[in-house]
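Report on the following structure.
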Amino acid sequence: MSKNGHSNAGFVSDHADTVQKPMGKTYSLELAEKGGSNNSSTSKNKAIVAKDPDYNPYQHRDVEHPTTNSETLFHLLKGSLGTGILAMPNAFRNSGYITGSIGTIVIGFICTYCIHQLVKAEFELCRRKKIPSMNYPAVAETALGEGPGFFRACAPYIGTVVNTFLLIYQLGTCCVYVVFVASNIKAIVDAVGDTNIDVRLCMIIILLPLILINWVRNLKYLAPFSTLANAITMVSFGIICYYIFREPVSTEGKDAFGKPENFPLFFGTVLFALEAIGVILPLENEMKTPQKFGGNCGVLNVSMVLIVFLYVGMGLFGYLNYGNAVLGSITLNMPEHELLSQCVKGMLAFAIYITHGLACYVAIDITWNDYVGKRLGPQRNKLLWEYAVRTILVLMTFLLAVAIPNLELFISLFGALCLSALGLAFPALIQICTHWYETKGLRKAWLLLSNFVLIIVGILGLVIGTYTSLKEIVLTFSE
């Protein structure tokens, strides 16, 4: 958190340990008090607060421990090494290796463009309101307050909508982690004991450890374990690459183009894996030189090029190696009875277990600090209620994972359901509202055309991707 008192919202991406307190509507109310009103009664022609061209938000950020460009780059790269990248070979199974390679690059480009738009909108709105930084819900609420009349009427509610999507995504991510950890433990036990235990039994075994790790109220106590988990992950990915390339890969028997009806599953998985929209603003807000975050050779572009390269590589060569037999996580395709592969499964299960505590922290923070804790107010048993909320959230993710223990469908579902909105539609809507009264003529036409295309893609991805994933989940459940 910055010294200026403004918390920078964010959530754990696939495997990032950058967790900061999310904030929603309250922050935008602070903005209004500082001179930027979100009231829809504002005159149409005066919706934008007069800008001070001399005010630079970057120069007014007082960050206690600012990060360098390389540290920010490393945080973004760490976020790409988790369950999402391990699911990429399965995504390529749904799309085919040519469609998958091109599709991942295109989706990566679109995601990067939307992130740039969100960061630029934050800077512009901060300059108008003369405040150093905002979080995602505050940017959305302030932007809609600067837009046309209909959107200004929606502004008081958009922060809650964004927080809801963030909460659903975080809980969904935790479900993915539960299934991932249990599936890899099952693979180890089956290989060692020459048996075939139910994955749900493994989930029951890890339930108490999951509850206990989420009872940790201060993240600094998890920091050493997170560092260890990051090191374990790096080593594990090196070993996975060894297994992928130890035998020549071939396109024989592999689909170059997948079935069109399976493309929404690919789309959802890639979004889940690539999209780090929730950690973007916190990382940019905590930089020593935030102006170096954007730009052609800025931190964001460099990191996204590397991330897309990693994802295309893992997806392409993982699929070419294992073909249509590839599972929801490539670790489950590794040799069952080799000690090295069992070590990788165990190490990644531990790393993702630690990450569950980080991911669920954000869901707990939104639920407790923004909603439940506020309603309870000061009382003697408040700490007990907090532990109850923590336990209930873990039990929710556990029960959903037990009901549908299918890793690849979970990843595709939550990628399509949440990140189509958070990563595509909302940034485009924010961009339209931020510059609604500033653009005219061809610039206005391009603003509307380009962003409406992104909104339509986001809505189609959300609806079709969610429907396809739910349909596959129903079919799997009925079997």
Side-chain angles (χ1 to χ4, degrees), residues 44 47-48 51 99 102-128 134 136-155 158 161-162 165 263-264 266-268 270-272 274-278 280-281 284 291 293-305 307-308 415-465:
K44 178 179 178 181
I48 298 177
K51 294 183 292 184
T99 306
I102 297 174
T104 303
I105 294 171
V106 171
I107 294 173
F109 174 82
I110 294 174
C111 289
T112 306
Y113 175 80
C114 289
I115 293 171
H116 275 294
Q117 298 302 84
L118 181 63
V119 172
K120 289 177 182 177
E122 184 216 8
F123 179 84
E124 176 63 22
L125 294 170
C126 284
R127 187 169 64 165
R128 293 178 190 175
M134 293 188 202
Y136 196 164
V139 170
E141 184 174 348
T142 308
L144 264 65
E146 300 278 303
F150 172 76
F151 293 117
R152 291 204 303 274
C154 299
I158 191 65
V161 172
V162 171
F165 274 102
F263 186 81
F266 163 80
F267 179 79
V270 175
L271 268 187
F272 180 92
L274 272 179
E275 191 63 84
I277 196 73
I280 292 300
L281 293 185
E284 191 262 354
Q291 61 271 20
F293 187 79
N296 294 333
C297 296
V299 173
L300 177 60
N301 283 353
V302 172
S303 64
M304 289 303 290
V305 167
I307 288 169
V308 170
L417 175 62
C418 299
L419 295 178
S420 293
L422 292 170
L424 301 178
F426 287 165
L429 179 61
I430 289 169
Q431 182 73 0
I432 290 175
C433 291
T434 300
H435 299 287
W436 181 263
Y437 293 106
E438 284 193 329
T439 55
K440 296 179 181 179
L442 290 177
R443 287 186 61 200
K444 185 79 164 258
W446 172 249
L447 174 75
L448 295 175
L449 176 63
S450 60
N451 286 291
F452 272 129
V453 168
L454 290 174
I455 291 173
I456 292 171
V457 170
I459 293 173
L460 289 177
L462 189 155
V463 175
I464 299 175

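Below, all heavy atoms of this structure are taken into account, side chains as well, without hydrogens, waters or symmetry copies.
Here the shortest heavy-atom pairing between Cys297 and Val302 reads O-CG2, 3.8 Å. Closest non-hydrogen pair, Ile430 versus Ala121, comes out as CG2-CB, 3.6 Å. For Gly108 against Val308, the heavy-atom pair with the smallest separation is CA-CG2, 4.0 Å. Residues Leu454 and Cys114 share a closest heavy-atom pair of CD1-SG, 3.8 Å. Looking at every heavy atom in both residues, Tyr437 comes nearest to Pro148 through OH-CA, 3.6 Å. Heavy-atom minimum distance, Ala416 versus Gly461: CB-O, 3.6 Å.
No side-chain heavy atom of Phe426 sits less than 4.5 Å from a side-chain heavy atom of Ile455. Leu144 has its side chain within reach of Leu429: a pair of non-hydrogen atoms, C-beta onward, lies under 4.5 Å apart. For the pair Leu419/Phe267, no side-chain contact is recorded, criterion being any heavy-atom separation below 4.5 Å from C-beta on. In this structure, the side chains of Leu125 and Glu146 come closer than 4.5 Å at one or more pairs of heavy atoms. Phe165 places a side-chain heavy atom less than 4.5 Å from the side chain of Leu462. Side-chain contact between Ile459 and Ser420 is absent, with no heavy atoms from C-beta onward closer than 4.5 Å. With contacts defined as side-chain heavy-atom distances shorter than 4.5 Å, the pair Tyr136/Leu118 qualifies. At a threshold of 4.5 Å between non-hydrogen side-chain atoms, the residues Thr434 and Arg128 count as touching.
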Notebook entry, point to check: Passes side chain to side chain contact (heavy atoms under 4.5 Å, CB included), Leu448 versus Trp436? Steps please.
Noted result: CA-CA 9 Å; Leu448 295 175; Trp436 181 263; 3.5 Å; yes
Next item on the list: Evaluate side chain to side chain contact (heavy atoms under 4.5 Å, CB included) for Leu271 paired with Phe266, printing each intermediate quantity in order.
Entry: CA-CA 9 Å; Leu271 268 187; Phe266 163 80; over 6 Å; no
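Separating the CD1 atom in Ile158 from the CD atom in Glu141 is a distance of 9.0 Å, to the nearest 0.5 Å. Separation of atoms CG (Leu447) and CG (Leu442) is listed at 12.5 Å; rounding is to 0.5 Å.
Glu122 places a side-chain N or O within 3.5 Å of a backbone atom of Met134 that can act as its donor or acceptor partner.
Legend: residues meeting side chain to side chain contact (heavy atoms under 4.5 Å, CB included) with Thr112, ordered by chain and number and at least two apart, are His116, Leu300, Asn301, Met304. Qualifying side chain to side chain contact (heavy atoms under 4.5 Å, CB included) partners for Val119, counting only residues two or more places apart in sequence or in other chains: Ile115, Ile280, Leu281, Glu284, Phe293.
Applying the side-chain hydrogen bond (donor to acceptor under 3.5 Å, both in side chains) rule to pairs touching residues 441-465 yields nothing, sequence neighbours excluded.
Under the 30°/60° scheme for interplanar angles, the aromatic rings of Phe109 and Tyr113 are found to lie parallel.
Salt-bridge annotation for Glu124 and Lys120: absent, with no side-chain N of the basic residue lying under 4.0 Å from a carboxylate O of the acidic one.
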